[in-house]
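Below is one structure, written out as structure tokens; comments come after it.
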Amino acid sequence: MTKILLPVLVLFSLAGAQVLTIAEARIDSDGDGIPDLLGETVTISGVVTCETTLFSTSGYSFYMQDTTAGINVYAYEAPGNMNPGEEWELTGEIKAYNGLTEISPESVDDYSYVGNPGMPAPVQLVRNQPVSEPIEGMLIAAGDQSLIQWVTVATAPSSAGGGYNFDVWNGQTVIPIRVNETTGIDVSAVNVGTRLFMIGIGGQYDSTEPYDSGYQLLPRYQSDIIVFNPSVGDYFHLDVSGNPFAPDLGETMQIEYSGPQGTRFNLTLYDRAGRDLAHLAINSPAGDVFNWDGRDDWNEFLPMGQYLLLLEGVSPNGDRLTTTETVVIAAPLE
Ligand SMILES: [Ca+2]
Ligand SMILES: [Ca+2]
């Protein structure tokens with residue numbers, strides 16, 4: 001019933017516009033990927049989550065959100081004193097651009113300042129969760145610092161149409177990242193395998209109906225891309241250096257692992273057939289850094305080849321974390 005009444009209320013409110021929630025303004029009840037209020041003029045109120053010109057080369061393109069949803073504001077005019085973290089009420093036409101729902105005020109008169117509640121907390125993606133329609137336009141965190149769950153860079157940044165694109169793995173789910181050149185973000189530290197904690201706005205760029213794909217994360221600032229350095233701190237990680245190495249020449253490989261307090265560790269070396277050959281830590285109560293000389297459980301040098309080092313961590317509540325490194329034992333050079 002609400003769905004039918006909303007446009008009517010908007011059209012007939014003469015004094016004091018009816019303020020819709022952002023979820024109401026961007027509703028797509030028939031699921032065709034097109035906002036049901038497309039072309040209607042509505043009034044919303046929300047917190048601005050970035051500078052008004054951050055995502056545009058001319059005019060204004062920014063995002064605002066309330067507790068229900070977020071939306072792109074796309075306009076040729078915006079007040080000069082509009083800042084991130086402030087709440088503003090604005091009136092504009094609902095539009096859609098390649099799946100992205102927009103509200104488009106006509107002039108500065110369509111905006112009014114409400115207050116300064118501060119930046120909202122980002123929506124935290126859980127592991128494997130993609131960016132999707134209900135959180136489009138909202139501030140989102142990919143990778144969870146409190147759980148030491150990072151996202152991993154899957155593809156190196158490539159230059160594309162006024163910015164850079166790269167992908168990250170959130171668990172088994174790929175999240176496309178769009179870095180707009182206008183943000184000034186430097187992506188030179190982003191390489192395949194780099195672990196990141198990220199903040200960004202949920203975007204969409206999908207040129208074909210039914211506009212149900214092409215969701216992206218749009219970082220705003222350099223500080224929205226935190227490179228996670230697993231060699232420092234009390235984080236669950238396994239690092240090896242000096243790999244490949246030749247034990248026959250007396251070379252060793254340095255192995256470092258640790259994890260949150262209370263974790264118990266198993267560190268096991270397997271061959272390619274899956275046989276466990278060396279148990280380098282068994283139910284160990286702490287992390288370690290040591291040089292491994294390439295010997296197995298029988299104190300024999302392992303033959304040259306490729307091996308898998310598996311670190312398993314068991315937290316006090318029984319959760320299991322695992323990570324692996326490939327180890328290569330090389331032949332001595334003549
Ligand atoms: Ca629709
Ligand atoms: Ca959309």
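Read the numbers this way: they start at 1 and go in the same order the structure lists the ligands and their atoms.
Not a single N/O/S atom of P35, whether from backbone or side chain, sits less than 3.0 Å from the Ca ion (ligand 1). The Ca ion (ligand 2) has no N, O or S atom of Y215 under 3.0 Å away, backbone or side chain. None of the N, O or S atoms belonging to A96 lies under 3.0 Å away from the Ca ion (ligand 2).
Here the angle centred on the Ca ion (ligand 2), running from OE1 of Q204 over to OE1 of E133, is 90°, rounded to 10°. Remark: at the Ca ion (ligand 1), atom OD1 from D36 and atom O from I34 enclose 100°, rounded to the nearest 10 degrees.
With hydrogens and angles left out, the side-chain atoms of D186 and S188 include a donor and acceptor closer than 3.5 Å. Side-chain polar atoms of T91 and D110 form no donor-acceptor pair below 3.5 angstrom. Residues E87 and S45 bring a donor and an acceptor atom of their side chains to less than 3.5 Å of each other. There is no side-chain donor-acceptor pair under 3.5 Å between D66 and T21. Remark: the E133 side chain and the Y215 side chain contain an N/O donor-acceptor pair separated by less than 3.5 Å.
Outside the 6.0 Å centre-distance limit, the rings of Y97 and Y74 are not counted as a close aromatic pair.
When the Ca ion (ligand 1) is compared with the N/O/S atoms of D28, atom OD1 turns out nearest. When you scan the N, O or S atoms of D30 for the one nearest the Ca ion (ligand 1), you land on OD1. The atom of E136 that is an N, O or S and sits closest to the Ca ion (ligand 2) is OE1. Residue-level check: among N/O/S atoms of D32, OD1 sits closest to the Ca ion (ligand 1).
Other residues, nucleotides and ligands contribute over 12 non-hydrogen atoms within 6.0 Å of the OH atom of Y113.
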